[in-house]
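What follows is one structure encoded as structure tokens, with my remarks underneath.
Every chain is numbered from 1, with letters handed out A, B, ... down the list of sequences.
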Amino acid sequence: MSRFFVTTPIFYVNAKPHLGHAFTTILADSVSRFHALMGEETYFLTGTDEHGDKIVKASEAAGQSPKEYADQISALFRGLAPILGAKPNQFIRTTDPDHIKTVQKVLQKVYEAGDIYFGEYGGHYCFGCERFYTEKELVDGMCPDHKTKPEYIAEKNYFFRMSKYQGWLIEHINEHPEFIRPARYRNEVLSLLESGALEDLCISRPKSRLTWGIELPFDSDFVCYVWFDALLNYISALNYPRGERFKKFWPAANHIVAKDILKPHAVFWPTMLKAAGLQPYQSLNVHGYWLVRDTKMSKSLGNVVEPKRMVDTYGASAFRYFLLREMAFGSDASFTEEALVGRLNADLANDLGNLFNRALAMTHKYFEGKVPSPDKEFQEDAELKHLGLEAMQGFQANFGEFRTARALESLWELVRALNKYIDQTAPWTLFKNKQMARLGTVLYVVLEHMRKVAVHLWPVMPEASEKMLVQLGMPFEQEKIALPKEPEVWGVLESGVAVAQTSNLFPRVELPEPTPPAPKEATAPEAKKNKTDKPLPKEAPAPVCPAESIEFTDFQKLDLRVGTVLSAEKHPDADKLLVVQVSLGEEKPRQIVAGLADRFSPEELVGKQVVVVANLAPRKLRGFLSQGMVLVAKDAEVTRLLTAAGPVDDGGKVA
RNA sequence: GGCGAGGUAGCUCAGUCGGUCAGAGCAUGCGGCUCAUAUCCGCAGUGUCGGGGGUUCAAUUCCCUCCCUCGCUACCA
């Protein structure tokens with residue numbers, strides 16, 4: 001029996017679950033179910049990633065210990081799958097003792113193999129900042145923040161000899177087209193690998209700076225870098241190295257990730273596996289982002305779609321269908337409730353739901369609710385079967401490669417063909433003409449195809465699919481379904497079996513009342529149907545700020561000052577940069593490197609009063625220290641300096 | 001600036017190793033049916049397949065160039 005292991009990334013517990021996490025989980029669940037129906041033994045893994053500096057910071061902010069904090073957020077993620085109708089086989093946490101042991105085993109193994117070595121890292125440590133600075137970051141040899149000379153510390157860190165495997169990885173990717181897909185991400189990784197030398201990966205953090213992590217087995221003064229720890233969940237969950245699961249499911253691993261974590265999965269992870277003497281995973285499947293009204297949605301922005309509300313409002317099946325139907329594999333997609341409602345009505349209510357309802361109703365009207373026996377096959381029956389065969393094959397081929405949108409598109413060709421077939425054969429006319437044998441055949445052909453559709457939809461909408469099958473008098477039994485044969489088998493539905501009287505799985509829905517403002521032209525049918533005699537209310541002013549709001553104290557963190565530009569010149573080694581000296585009423589003028597050379601000439605700036613961010617962390621830009629940021633206002637057309645309406649003393653505060 | 005991916009009907013997209021390849025769904029208009037969830041079926045469109053140039057008997061599909069969008073990166077602060 002062939003095997004299929006599918007994973008989501010383990011989600012980082014520094015924020016609550018949102019649409020992106022929901023999608024990844026739904027996609028993993030659906031492909032897992034698909035492969036199960038295809039006759040494979042499947043294992044579906046998800047979980048949470050809980051170590052690292054960011055978690056420490058977040059827990060401090062919440063006034064909790066890292067573990068308490070991680071427990072709390074992890075529980076939210078654990079609760080996500082059931083809401084979505086997803087059934088992972090395992091939920092792993094990187095704080096699980098078994099995982100920790102495995103990570104240490106692998107570290108030890110790679111260490112003994114000689115692929116982990118001591119190296120001296122960074123060196124310039126500023127005690128004020130509690131961090132290292134690279135040569136590049138230092139300003140005249142001083143800490144840019146504290147203006148003190150950092151101490152040179154030869155901090156020993158452990159490095160993974162990743163560079164050693166660069167050639168191997170390139171070759172492996174070239175030889176296995178399915179290793180990273182879709183191809184655009186494969187190309188991206190290849191160009192990354194081929195463009196320059198891969199550096200070794202620093203995989204340790206000294207405990208003096210971070211203790212919230214897994215201790216290195218060969219040096220108790222260090223903990224493991226969070227990515228090295230996290231990626232290993234994929235095998236620790238299988239009880240590497242001796243577990244039954246590991247023997248069964250490795251290397252049949254198919255990872256699903258969003259495009260932001262492509263590099264760790266496409267570069268770190270395979271080279272880690274290679275170094276540990278393990279075979280690389282089978283495929284890395286990269287999907288895009290869900291945008292919200294074409295604006296980026298992420299943990300750090302406030303415009304997060306709440307998966308639970310969508311499920312509560314529309315049902316898990318419809319929500320899953322929409323996400324899997326709408327996002328082209330690898331590309332970004334836009335989430336709007338209008339689009340969701342549009343799909344739900346057009347595809348599910350009108351096409352599929354109505355098909356079920358009309359077919360069941362006719363079975364009751366003409367055959368007392370029992371599946372009729374088919375008689376002689378007509379040409380039109382054969383044609384429909386052929387179309388159905390191709391539709392189902394198309395579904396399977398695409399779903400197997402994670403292209404769920406195309407798979408569903410293909411299956412819907414059958415759904416639409418069934419509606420058409422009913423119209424063409426006109427059962428109501430056959431009934432009137434007492435052609436019962438033909439009528440029985442027609443209805444049987446429709447019902448049997450509906451069964452096939454329902455079975456294929458199980459991975460996408462398990463709940464709805466099972467209800468459809470109950471309505472057809474054939475409750476879902478996973479063991480009895482052989483999806484690979486479904487396109488061709490015929491006559492599975494038994495004649496004489498009672499079917500449901502009606503089907504109301506997908507009622508039409510309207511957009512919930514406080515209709516969100518639609519900046520773009522609405523595409524949902526409701527937009528037109530809601531038209532009344534009254535003129536539409538004047539469009540509300542577009543929400544100006546999609547970003548999350550901040551507290552006043554956050555604003556206060558900014559030290560905005562007015563200053564006069566004393567001089568400005570082009571940066572000698574940069575096209576876009578100007579080096580300007582701005583008087584802020586301090587002893588010395590500030591040197592600010594501004595990316596304005598393409599918009600302003602140096603002469604335009606000299607003598608002007610500008611607004612600058614005075615407490616921005618200083619940084620060297622192309623060799624020149626920049627101690628602030630000059631603010632401008634811009635639209636699509638112009639860029640203008642931000643200034644006060646009248647003269648203000650240099651150093652005047654903006655508040 | 002460099003690298004990469006794209007620009008195809010109002011919208012979302014499919015497609016072409018150059019020759020019925022100008023398509024699907026949604027939206028729009030008209031017509032039909034009545035089994036059905038005001039559902040379904042049929043018909044009708046519009047498109048300079050981003051602009052320009054080139055190769056060819058023939059290009060949306062190949063080459064060059066320009067413009068625009070997005071991603072990564074950088075001299076983005």
Side-chain angles (χ1 to χ4, degrees), chain A residues 182-192 194-196 259-260 262-263 288-289 291 294 296 325-328 330-334 336 338-339 342-343 345-366 405-406 408-410 412-413 415-432 439 442-443 446 502-509 520-525 527-529 570-579 592-598 612-613 616-624 626-632:
Chain A
R184 52 198 295 193
Y185 297 108
R186 182 169 174 267
N187 295 338
E188 202 172 305
V189 172
L190 276 174
S191 72
L192 183 106
E194 283 163 352
S195 67
K259 62 185 184 182
D260 57 335
L262 175 62
K263 189 176 173 183
Y289 287 145
L291 308 177
D294 299 321
K296 192 182 264 185
R325 174 66 185 82
E326 194 77 3
M327 177 177 268
S331 303
D332 292 349
S334 181
T336 66
E338 292 95 303
R343 280 255 178 241
N345 284 334
D347 296 359
L348 297 182
N350 295 352
D351 287 350
L352 181 65
N354 184 52
L355 168 67
F356 265 71
N357 206 43
R358 67 196 303 209
L360 295 180
M362 283 191 283
T363 307
H364 273 268
K365 210 157 189 166
Y366 307 141
R406 289 225 220 157
L408 286 165
E409 197 177 0
S410 182
W412 248 251
E413 283 175 22
V415 174
R416 277 191 284 272
L418 283 166
N419 276 318
K420 189 171 181 171
Y421 174 84
I422 292 175
D423 274 44
Q424 284 173 343
T425 54
W428 47 93
T429 306
L430 295 173
F431 182 69
K432 238 180 266 169
L439 177 56
V442 165
L443 273 186
V446 171
T502 58
S503 174
N504 195 26
L505 289 174
F506 303 107
R508 286 183 64 87
V509 296
K520 303 184 75 177
E521 193 176 318
T523 52
K528 287 281 152 83
K529 286 182 181 158
K570 291 208 161 182
H571 190 294
D573 307 318
D575 304 333
K576 284 190 182 173
L577 298 183
L578 291 178
V579 181
I592 295 177
V593 182
L596 299 174
D598 52 342
V612 306
V613 182
L616 196 63
R619 192 165 141 184
K620 246 184 187 177
L621 288 175
R622 203 73 177 181
F624 279 62
S626 182
Q627 303 167 294
M629 172 175 173
V630 176
L631 298 183
V632 296

*Base B:rA36 to side chain A:N354, donor-acceptor N/O within 3.5 Å cut-off*: yes
*What nucleic acid atoms does A:T429 come within less than 4.0 Å of, heavy atoms only: base, sugar-phosphate, or nothing?*
nothing
*Scan every strand shown for a Watson-Crick or G-U wobble partner of B:rC40, both distances under 3.5 Å, and answer none if you come up empty.*
B:rG32
*Is there a side-chain contact between A:W428 and A:I422, using heavy atoms and a 4.5 Å cut-off?*
yes
*B:rA5 pairs with which nucleotide, Watson-Crick or G-U wobble, both distances below 3.5 Å?*
B:rU69
*If you find the nucleotide of RNA chain B closest to A:K259 and the one closest to A:R406, which residue's nucleotide is nearer the 5' end?*
A:R406
*Hey, which of A:L360, A:L418, A:N350 is the one that makes side chain to side chain contact (heavy atoms under 4.5 Å, CB included) with A:L355?*
A:L418
_Both A:N419 and A:E409 contact RNA chain B. Which one's nearest nucleotide lies toward the 5' end?_
A:E409
*What is the base-pairing partner of B:rG18, counting Watson-Crick and G-U wobble geometry with both distances under 3.5 Å?*
none
*Between A:D351 (CG) and B:rA38 (C1'), how many Å, whole number?*
15 Å
*Would you check if A:D260 and A:Y289 make a side-chain contact, meaning some heavy-atom pair closer than 4.5 Å?*
yes
*With a 4.0 Å cut-off on heavy atoms, is A:P507 in touch with a base, just the backbone sugar-phosphate, or nothing at all?*
base
*Do A:N345 and A:V509 come close enough that some side-chain heavy atom pair is under 4.5 Å?*
yes
